[in-house]
Amino acid sequence: MYTQALNQRGEGDERLLEDAAALERFQARIDAEERIEPNDWMPAQYRRTLTRQISQHAHSEIIGMQPEGNWITRAPSLRRKAALLAKIQDECGHGLYLYAAAETLGTSREELLDQLHSGRAKYSSIFNYPTLTWADMGTIGWLVDGAAIMNQIPLCRCSYGPYARAMIRVCKEESFHQRQGYEIMLALSRGNDEQKAMAQDALNRWWWPCLMMFGPPDTASQHSDASMRWKIKRFSNDELRQKFIDATVPQAHFLGLTIPDPELRCVDGHWQHGPLDWDEFARVIAGHGQCNRDRMAVRRRAHAEGEWVREAAAAFAAKHSAQLAAE
Amino acid sequence: MPTPNTPLWEVFIRSRNGLSHRHAGSLHAADATLALQAARDLYTRRGEGLSLWVVPSSAIVASDPQDKGMMFEPTASKIYRHPTFYDIPDEVGHM
Ligand SMILES: [Fe+2]
Ligand SMILES: [Fe+2]
């Protein structure tokens, strides 16, 4: 029975090698809401799925520092600048918590970073859009972090202990991110006509990419079946997208902004949206978004420019431990 | 020359005096000084602690989850280790 749900290609042989009884015991632990810890037995595909998901999540956090980093030197006040710096530092921290969680599954951080730098690993499509105005800082905090929160809250109950614990830390920090973003939008939407137009323009550009952050529609999603059964995922992409829309449409109305969707309408308390451009999503994921090349170039350069620091720290540590050994 | 993998450290934080240090997570650093610095930046940005420990992850010796039964089950059968095992008349009062 466990074999039917694992319908990804190339997994067949491995499943035969895994003990059916062990798989059954594993699923029983999951069903009983037990947490799985690093040294526990787990199916190879559970390990691989989580390594991929957690490391992609980590990559997204650190690539996500770039679009906002673009505005640090041009923040309109010291208050905004301090908040933006603190937020970006948090995102770096989120990346590090997540790399640490991914490593407990047996792949080193160096290897995970190498997968990102060589283009073998992906990160969230949202960070391949450019940040053109200050209003983008508001919209990102409000909507991009808002979408991340929707996605991350159920992950606090993920079956894999280290991932769930990392998510609890992350979620505690995210609410400041969203509030500082919404506050920027409030200030702009209560400002002069130019400022209001800037806020509306940012919403127009970010709304659809934010809805696509939740991933392909349920009818087309590859990874959901096994992830749901293993309680890595608790809600489907479409369910999370709906929650997000229902939460943010009234927030946009409060700002006096218009959601750029002529088909948006409220049915039985839920906001129904028009069609999403999944071709655009596929293009961005495949590396052809507006900023993919730029983001990767910046990331690779930062890594290369840090090489001498890592080398020096390692040489210093080696010299000191040799001195200690000689004493 | 690629740098060798940076050692892993486990981070423990005492959140208030009177409480014990609790495991907060892990990080990579070349040596103990850098590990402490990184732990401060990574795990105490919002007043989470008053004291930090960093321990090389390789120094931790862990029990094997496979041996969980052998290690911990015998304690469950020793109910006489708990105060409720003993019958004391109510008249004696709280004990
Ligand atoms: Fe984050
Ligand atoms: Fe965030």
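Letters A, B, ... mirror the listed sequences (proteins, then strands); counts begin at 1.
A:L78 CG: 12 or fewer foreign heavy atoms inside a 6.0 Å radius. No more than 12 heavy-atom neighbours from other residues, nucleotides or ligands sit within 6.0 angstrom of CD on B:Q66. Sparse packing is recorded around CZ of A:R179, with 12 or fewer heavy atoms of other residues, nucleotides or ligands lying under 6.0 Å away. When the shell of 6.0 Å around CZ of B:R16 is examined, it contains 12 or fewer heavy atoms from other residues, nucleotides or ligands. Shown here is A:R300, whose CZ atom has more than 12 heavy atoms of other residues, nucleotides or ligands within 6.0 Å.
The NE2 atom of B:H23 lies 8.0 Å from the CZ atom of A:R165; values are rounded to the nearest 0.5 Å. Atom CG in A:D90 sits 4.0 Å away from atom CZ in B:R46 (nearest 0.5 Å). To the nearest 0.5 angstrom, B:N5 atom CG is 9.5 Å from A:R109 atom CZ.
At least one donor-acceptor pair closer than 3.5 Å links the side chain of A:E110 to the backbone N or O of B:T6. The closest donor-acceptor contact from the side chain of A:Y97 to the backbone of B:L42 lies under 3.5 Å.
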* Asked: Can you check side-chain contact (heavy atoms from CB on, under 4.5 Å) on B:E48 and A:K172, steps first, answer last?
  -> CA-CA 12 Å; B:E48 287 91 337; A:K172 275 189 196 153; over 6 Å; no

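For residues 88-95 of chain B, a heavy-atom distance under 4.5 Å to chain A picks out no residue at all.
Minimum interatomic distance between A:A100 and B:S26 (heavy atoms only, all atoms of both residues): CB-OG, 3.6 Å. Shown here for B:A30 and A:A317, the closest heavy-atom pair between the two residues is O-CB, 3.3 Å.
Using a 4.0 Å cut-off between a side-chain N of Lys or Arg and a carboxylate O of Asp or Glu, A:K319 and B:D31 do not qualify as a salt bridge.
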For residues 64-73 of chain A, which side-chain N or O atoms pair as donor and acceptor with protein atoms under 3.5 Å away, sequence neighbours left out?
unit_1: A:Q66; atom_1: NE2; unit_2: A:R295; atom_2: O; d: 3.1
unit_1: A:E68; atom_1: OE1; unit_2: A:K87; atom_2: NZ; d: 2.7
unit_1: A:E68; atom_1: OE2; unit_2: A:K87; atom_2: NZ; d: 3.1
unit_1: A:N70; atom_1: OD1; unit_2: A:R74; atom_2: NH2; d: 2.9
unit_1: A:N70; atom_1: ND2; unit_2: A:T131; atom_2: O; d: 3.1
unit_1: A:N70; atom_1: ND2; unit_2: A:T131; atom_2: OG1; d: 2.9
unit_1: A:W71; atom_1: NE1; unit_2: A:T131; atom_2: O; d: 3.0

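Most heavy-atom pairs under 4.5 Å with chain B: of the set A:E173, A:E37, A:Q89, this distinction falls to A:E173.
When heavy atoms are compared at a cutoff of 4.5 Å, A:F316 approaches chain B solely by way of its side chain, counted from C-beta outward.
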